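Notes follow the structure.
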Amino acid sequence: QVQLVESGGGLVQAGGSLSVSCAVSGRTFRSYAMGWFRQAPGKEREFVAAISRNGENTYYADSVKGRFTISRDNAKNTVDLQMNSLHPEDTAVYYCAARFTYFVTDTPREYDYWGQGTQVTVSS
């Protein structure tokens, strides 16, 4: 069984930066494409970013492109999301997800495992 644990959320002012991290258990981390999603109160879960299992390919939602950077360390079984120039509308619970394939996708139902989420709040 694969387990994902997010950390690093918190409160930041608009324009600031924050990094969230996801630690993944198991020896097969490098077999998974990884994604970050977010869900704000009253809204559906939405795609943020994804990275292929070797880290060569990344994919971003238009709303975060140029501000957020996804990366992974296959030696440490972690995937990080660096968030810069944060806006109040970035406020949400951020989830990491794992997909047992090379290819990245922005569709939540195509991911096999999910973390419990970490809250990110951006004040105006």
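Note that the coordinates shown come from a computational prediction; the quantities given were computed from them, not determined experimentally.
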Quick check against the 3.5 Å criterion: does [X] have a side-chain atom that pairs as donor or acceptor with the backbone of [Y]?
X: E6; Y: C96; answer: yes
X: R53; Y: N74; answer: no
X: T107; Y: R109; answer: no
X: T91; Y: T121; answer: no
X: N77; Y: S25; answer: no

Can you measure from CZ (R72) to OG (S21) and round to the nearest 0.5 angstrom?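 The distance works out to 12.0 Å.
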Sub-6.0 Å ring centroid separation between Y111 and F37: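 Ring-ring flag for Y111/F37: true, centres closer than 6.0 Å.
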Are Y113 and F100 near enough that their ring centres are under 6.0 Å apart?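 Ring-ring flag for Y113/F100: false, centres at least 6.0 Å apart.
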[X] and [Y]: which non-hydrogen atoms are nearest, and at how many Å?
X: V93; Y: Q119; result: CG2-OE1, 3.3 Å
X: P88; Y: S124; result: CG-CB, 3.8 Å
X: N57; Y: Y102; result: ND2-OH, 2.6 Å

Test of understanding: clusters of I, L, V, M, F, W, Y form through side-chain heavy atoms closer than 4.5 Å, transitively. Do [X] and [Y] belong to the same one?
X: Y94; Y: I70; value: yes
X: V20; Y: V12; value: yes
X: V104; Y: V64; value: no

List the steps, then state whether side chain to side chain contact (heavy atoms under 4.5 Å, CB included) holds for D90 with M83. CA-CA 9 Å; D90 294 317; M83 302 178 289; over 6 Å; no
Against Y59, only a single residue in F47, F103, F68, W36 fulfils ring pair (Phe, Tyr, Trp, His ring centres under 6.0 Å); can you say which?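 For Y59, the ring pair (Phe, Tyr, Trp, His ring centres under 6.0 Å) test succeeds with only one of F47, F103, F68, W36, which is F47.
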Walk me through whether K76 and F29 qualify under side chain to side chain contact (heavy atoms under 4.5 Å, CB included). CA-CA 9 Å; K76 296 181 178 179; F29 176 69; over 6 Å; no
Cation-pi check, R67 onto Y60 ring (under 6.0 Å, within 45° of axis):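 No, a cation-pi geometry is absent between R67 and Y60.
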Charged tip of R38 within 45° of Y95 ring normal and under 6.0 Å: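 Not flagged: R38 not positioned over aromatic ring of Y95.
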Given L4, D80, T78, the one that forms side chain to side chain contact (heavy atoms under 4.5 Å, CB included) with M34: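 Per the side chain to side chain contact (heavy atoms under 4.5 Å, CB included) rule, the option paired with M34 is L4, out of L4, D80, T78.
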Would Q39 and E46 count as a side chain to side chain contact (heavy atoms under 4.5 Å, CB included) if you check the C-alpha gap in whole Å, the side-chain angles of each, and the deciding distance to 0.1 Å? CA-CA 6 Å; Q39 188 166 19; E46 66 172 359; over 6 Å; no
Q3, CD: over 12 other non-hydrogen atoms inside 6.0 angstrom: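 No, not enclosed.
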Given side chains that start at C-beta, do those of V79 and I51 come closer than 4.5 Å, heavy atoms only?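 Yes - at least one pair of side-chain heavy atoms lies under 4.5 Å apart.
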When you compare the side chain of T69 with that of L81, does any pair of heavy atoms fall below 4.5 Å?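 The answer is no; the side chains never approach within 4.5 Å.
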Would Q13 and S123 count as having a side-chain donor-acceptor pair, cut-off 3.5 Å?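 There is no such pair between these side chains.
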Are Q82 and N84 close enough that a side-chain donor and a side-chain acceptor fall under 3.5 Å?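 Checked: Q82/N84 side chains pair up, N/O donor to acceptor below 3.5 Å.
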